[in-house]
Amino acid sequence: MEKTYISVIIPTFRSPDALDLCLTSAIQGQQDRKNQIIVVVDGHYDINKEVLEKHSKSIDILNLEENVGLCRATNLGVFNAKYELVLIVNDDNVFPENWDLSLLESYQPNSVVSPNQIEPTPSMFPQFLIEDLGRDPKTFDLEKFWQFDYHVASGGKIDETGSTLPIFMSRIDFLKVGGWDETYEQGMVADWDFFLKCQLAGMKMLRTYECHFYHFASISVNGEKRRQAEINGHEYAKYKWGSHIKHNPQNNLKFL
């Protein structure tokens with residue numbers, strides 16, 4: 001029987017320490033070493049050069065040379081995927097062991113699968129596990145995380161509370177709904193827009209608890225500039241859809 005492989009899309013900007021850990025966990029944690037890992041360098045190549053060269057034998061590098069924004073960077077990564085199933089991951093995520101086999105076992109046609117996440121601080125998503133395993137990529141203990149993840153992978157293997165990153169889906173389905181809308185400022189609210197489009201296209205929004213990605217929520221970009229970009233994103237969504245995109249906190253579905 002022919003094996004199924006995954007194309008992993010990792011957009012990165014200027015967080016080389018997080019990218020290094022992300023790539024180390026992705027490469028060492030995969031069960032089948034023939035998956036494709038595309039790092040989309042969204043500007044600032046020199047900042048990431050050392051990390052990219054370190055992992056060069058295991059990754060494909062898409063150097064955009066200038067900052068085009070998270071949405072376009074993600075779309076270009078998917079356009080360059082050589083496998084039908086794609087996994088879109090931010091560079092501030094850490095991969096669990098055997099992530100590829102766990103995701104393949106969870107995949108269903110016409111669906112968007114979100115692996116669950118572990119974060120160090122309380123989250124707006126009730127499905128996330130809150131456990132402070134580290135807030136700094138430089139001091140993060142990967143082996144400790146893998147041991148922890150092994151013990152928490154449990155219970156309901158899958159439910160319909162997806163609609164959070166990372167996302168695992170068919171490349172054709174991603175393209176069918178138009179991918180990420182590149183007109184959102186700094187990509188803010190573009191994820192809600194994308195999930196809404198997937199729902200309207202009739203896709204199931206699934207969450208698997210068979211593997212948990214770690215997310216350094218504490219190193220995300222914050223501040224007034226980010227808050228204003230988020231406000232602008234919600235206003236643009238209202239302009240586009242005729243009303244603000246709303247969020248159901250129980251199942252994470254998006255609605256107008």
Side-chain angles (χ1 to χ4, degrees), residues 6-27 35-83 86-95 117 135-138 140 164-169 171 174-175 178-195 213-237 240:
I6 299 169
S7 287
V8 181
I9 316 299
I10 306 175
T12 193
F13 185 41
R14 48 186 180 189
S15 302
D17 292 334
L19 177 63
D20 186 25
L21 178 58
C22 180
L23 290 176
T24 298
S25 63
I27 294 164
N35 296 299
Q36 179 189 31
I37 300 175
I38 303 175
V39 180
V40 187
V41 186
D42 187 20
H44 298 284
Y45 182 88
D46 289 343
I47 292 178
N48 297 289
K49 183 178 180 181
E50 184 177 348
V51 173
L52 296 169
E53 290 180 346
K54 173 183 175 180
H55 298 285
S56 61
K57 293 183 179 179
S58 302
I59 63 176
D60 293 337
I61 300 170
L62 181 57
N63 180 15
L64 304 184
E65 297 186 354
E66 60 182 17
N67 178 224
V68 301
L70 176 63
C71 293
R72 181 155 179 75
T74 302
N75 288 341
L76 289 171
V78 175
F79 296 160
N80 283 273
K82 66 180 180 181
Y83 296 125
V86 296
L87 172 65
I88 298 170
V89 183
N90 290 327
D91 62 5
D92 58 354
N93 274 120
V94 185
F95 286 67
Q117 292 200 91
R135 304 189 187 192
D136 180 357
K138 286 186 176 181
F140 187 82
T164 60
L165 288 162
I167 54 173
F168 181 53
M169 65 187 300
R171 179 175 178 269
F174 179 92
L175 298 174
W180 297 93
D181 186 338
E182 299 174 12
T183 57
Y184 279 91
E185 180 183 351
Q186 297 183 25
M188 301 303 296
V189 190
D191 53 344
W192 285 26
D193 180 280
F194 178 77
F195 294 137
F213 281 64
Y214 195 80
H215 181 228
F216 290 104
S218 56
I219 65 171
S220 299
V221 178
N222 293 304
E224 183 57 36
K225 186 175 181 180
R226 183 186 187 281
R227 284 190 289 271
Q228 187 58 52
E230 188 169 1
I231 292 171
N232 294 344
H234 282 294
E235 288 306 309
Y236 179 74
K240 175 180 177 179

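Numbers for residues simply follow the sequence, beginning at 1.
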What's the shortest heavy-atom distance between [X] and [Y], and which atoms?
X    : Y    : result
N90  : C22  : O-SG, 4.0 Å
Y184 : G233 : CE2-O, 3.4 Å
S58  : I37  : O-CB, 4.1 Å
L165 : I88  : CD2-O, 4.2 Å
V68  : D42  : N-OD1, 2.6 Å
C71  : A190 : SG-CB, 3.5 Å

Please walk me through it: do L87 and F168 pass side chain to side chain contact (heavy atoms under 4.5 Å, CB included)? CA-CA 4 Å; L87 172 65; F168 181 53; 4.0 Å; yes

Walk me through whether S15 and D92 qualify under side chain to side chain contact (heavy atoms under 4.5 Å, CB included). CA-CA 8 Å; S15 302; D92 58 354; over 6 Å; no

May I ask you to check whether Q117 and N93 show a side-chain donor-acceptor distance below 3.5 Å? yes

Do NZ/NE/NH1/NH2 and the carboxylate oxygens of K54 and E50 come within less than 4.0 Å? no

Between R227 and E230, is the closest basic N to carboxylate O distance under 4.0 Å? no

Take V40 and I9 through the test side chain to side chain contact (heavy atoms under 4.5 Å, CB included) and record every step on the way to the result. CA-CA 7 Å; V40 187; I9 316 299; 4.1 Å; yes

side-chain contact (heavy atoms from CB on, under 4.5 Å) involving [X] - partner list, sequence neighbours excluded:
X    : result
K82  : S7, Q36
T183 : D181, Y236
F79  : N75, L76, L175
P16  : I47, N48, V51

Evaluation steps, side chain to side chain contact (heavy atoms under 4.5 Å, CB included), between V39 and D91: CA-CA 9 Å; V39 180; D91 62 5; over 6 Å; no

As an exercise, state the distance from [atom1] of [X] to [atom2] of [Y], rounded to the nearest 0.5 Å.
X    : Y    : atom1 : atom2 : value
E185 : K225 : CD    : NZ    : 8.5 Å
L21  : F95  : CG    : CZ    : 10.5 Å
I167 : D191 : CD1   : CG    : 9.0 Å
T74  : I38  : OG1   : CD1   : 11.5 Å
I10  : L19  : CD1   : CG    : 7.0 Å
K49  : I61  : NZ    : CD1   : 11.0 Å

[X]: what forms a salt bridge (Lys or Arg N to Asp or Glu O under 4.0 Å) with it, not counting sequence neighbours?
X    : result
D193 : K197, K240
R171 : none
E235 : none

Side-chain contact test, heavy atoms from C-beta onward, threshold under 4.5 Å: evaluate it for D20 versus H55 and give yes or no. yes

For residues Q186 and L70, determine if any side-chain heavy atom of one lies less than 4.5 Å from a side-chain heavy atom of the other. no

Those residues that, when tested against N80, pass side chain to side chain donor-acceptor pair (under 3.5 Å) (two or more places apart): none

Test of understanding: with side chain to side chain donor-acceptor pair (under 3.5 Å), list the residues that count as partners of S25, not counting sequence neighbours. none

Partners of [X] by ring pair (Phe, Tyr, Trp, His ring centres under 6.0 Å), sequence neighbours excluded?
X    : value
Y45  : none
Y214 : F140, F145, F216
F194 : F174, W180

